[in-house]
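Single-structure report; data block below.
Chain letters run A, B, ... following the sequence lines, proteins first, then strands; residues in each count from 1.
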Amino acid sequence: MKWTEFFIPTSKESPTEATVPSHQLMIRAGLIRQVVAGAYTYLPLGYRSLRKVEAIVREEMNRAGGIELHMPAMHPIEWWEQTGRVAAMGEVLLRLGGGSGDDWRSRTVLGPTHEEVITEIARAYLNSYKQLPVNFYQIQTKFRGEARPKSGVLRTREFLMKDAYSFHTAKEGAGGLDEGYQKMYDAYRAIFGRCGLPYIVVEAESGPIGGDASHEFMVPTEAGEDYLVQSEDGSYAANLERAAVAPLSDQHDGGNAPLREVHTPGFKTIDEVSGFLKCEPRKMIKTIIYEANGSPLVALVRGDHEVNEAKLGRFAGVGRVTPAGPDLIRKLTGAEVGFAGPVGLNARVIADQAVTVMHDAVTGANKTDYHITGVNAGRDFQIQESGDIRMAVEGDRAPNGSALAFKKCIEIGHVFKLGTKYSEAMDAKCLDADGKPKAFVMGCYGIGLNRIMAAAIEAFHDDKGISWPMSIAPFHVVICALDIREEAVTSLSQKLHDELGAAGIDVLLDDRDARPGFKFKDAELIGFPIRLTVGKKGLVEDLVELQIRRTGESQKVAPDQVVATVRRLVDTALRSERT
RNA sequence: CGGGGCGUAGCGCAGUCUGGUUAGCGCGCUUGACUGGGGGUCAAGAGGUCGCAGGUUCGAAUCCUGUCGCCCCGACCA
């Protein structure tokens, strides 16, 4: 491909709207152009990269036994009603408007994911356990009514996703969900490895759906919107929402202070009370009242900690917990909101482990405008149940005692054991070996293709521009033909271009009539892994220059050695990215 | 959805407070000349419903009202 016959609108400046590196560089390198908030055109150069990501994903999915199909973006809303997700997804579920309210438009949604559609396929065609297990996947455009698209292509309303769904008759055993899940997990490692991404697999929160396993594939970057925690010894990594923490030890600091009621008029929050009473938040017990299955559930955490509602629900064995409303709080505590405490409270109370090692604590008095100090568990109230029900914070340790580090990150893939949620809701079952109908046990597995591109740029860029992994670079090599009026330069450049192309190398020939610096800047901005420079100066000694973008190393190569040298560099890079 | 900011040429911006020539500047683009290993120089050009609608005024990019869009922080994120 020749530059002058291609289309690469690079730019020195980036729009003020772009604030994260991947967004700025994708615009400047001419990869994308925004159409509306959360939707982008992939310009030819950007599309080449996206297609390479897609090819890797497809290859590894096929290798793992996936079967590709293609589902529509338009779905009947009835199916979404069947699974209860019209309500669950709310505004995120995009609907066609403009109709009378009862025509096909208003009964059509744009799919943010495809569980419903694939489950219907399974219901229609998968009649026997003999057809299982099976794994269907597609690479398709998804639509989500994100409240706030941001960070370029990292969070958009329209994006390209690979979504796979596996069907089984059982969780365990040969052909079971566990096995199918593991296959996908392994395939994901292969995919992200080949894409050259510095990814981290973390335990993820599987949410109210349940299931014992869910993993997210994360790339650490400041532009991310999730946090992961990782133990120093590398043995533990989890999404912050999920992260388990080691118990805190008892410092035996105090424990003899008398229980005392203090007047705290209007001081309700931890900050207000700690400021008023001049005690540290860590000396306070935060008492949060939830509702679960219609009953009140009280959580106690240290004042400087936050309740992790998923952990709480799981620990309490109640599934989803929701914060209680003012009425229930008043009824339970006999006080206005802001003065709840464990002493004398008649409800199921679950204390975070950290609360069990507190002494002479401060907490609400269950009396409007009053708190109590000198509170000690065991003496002033009993802790019946305690465990890990809080969010991890800086300084916490993993369950094995290794220190936890926090990293901002972006999610690029997610594998998930769904179980029978959708198959039951949509009455999708097949006959098992025992002749009885069984709801499909399902898994689902997603990868954000656009995010892979952006994450790669976030991970690999410098002040000059992008530095692509070889596997997903739009071109492996750029040939900078300096001084195109020299016949020797153009003919050699063209020859190298043709030979490299014939050798299966993706090569772009910069044949523009521009000055050298201009071409170099563009080459570095776009981030071709390899740059070949053909110019008068080199030709005097019959050599061309070969430079590696990632390292900056350069070497002189004889023209007849170029193809072999480049081939070796490309292959080596592709191999190392695979691991 | 709450808070903040911004809409002037393809991109980056000035001008708006205090209304008044033909709305400017840089990058990019076109033509020509020079130049040619790190975004080069000179000259001549093209390119604008000042987001949109209404209002005030002799006169609106500028003032008023409404509206749309975009970005950032937060909330939300099966």
Practice item. Could you list by number each residue of residues 140-149 of chain A showing a heavy-atom separation from RNA chain B of less than 4.0 Å, or answer none if no residue does? Key: A:R144, A:A147, A:R148, A:P149
**Study point:** Of residues 215-229 of chain A, the positions that come close to RNA chain B - non-hydrogen atoms, cut-off under 4.0 Å
**Key:** none
How far does the [atom1] atom of [N] sit from the matching atom of [M], given to the nearest Å?
N     : M     : atom1 : result
B:U16 : B:C50 : C1'   : 11 Å
B:G48 : B:G24 : P     : 13 Å
B:G7  : B:G12 : P     : 11 Å
B:C52 : B:G45 : C1'   : 32 Å
B:C11 : B:C71 : P     : 14 Å
B:G5  : B:A9  : C1'   : 23 Å

Across the strands shown, which category fits [X] at heavy-atom distances under 4.0 angstrom: base, sugar-phosphate, nothing?
X      : value
A:K150 : sugar-phosphate
A:T113 : nothing
A:S554 : nothing

**Study point:** Whether A:F528 and A:F475 hold their rings parallel, tilted or perpendicular, with breakpoints at 30° and 60°
**Key:** tilted
**Study point:** Test side chain to side chain contact (heavy atoms under 4.5 Å, CB included) applied to A:R48 and A:F6, step by step
**Key:** CA-CA 12 Å; A:R48 282 186 68 97; A:F6 201 51; 3.9 Å; yes
Suppose we define a pair by two distances each less than 3.5 Å, Watson-Crick or G-U wobble; what does [N] pair with here?
N     : value
B:G59 : none
B:G66 : B:C52
B:A43 : B:U31
B:G12 : B:C25

Study note, to complete from the structure: In A:D163, A:T156, A:T113, the residue satisfying side-chain hydrogen bond (donor to acceptor under 3.5 Å, both in side chains) with A:K142 is A:D163
Practice item. Indicate whether OP1 or OP2 belonging to B:A78 is found under 4.0 Å from a side-chain N or O atom of A:T83. Key: no
Review point. When every nucleotide of nucleotides 27-38 of chain B is labelled 5' to 3' by its protein contacts under 4.0 Å (heavy atoms), B for base, S for sugar-phosphate only, - for none, what sequence of letters results?
Key: S-------BBBB
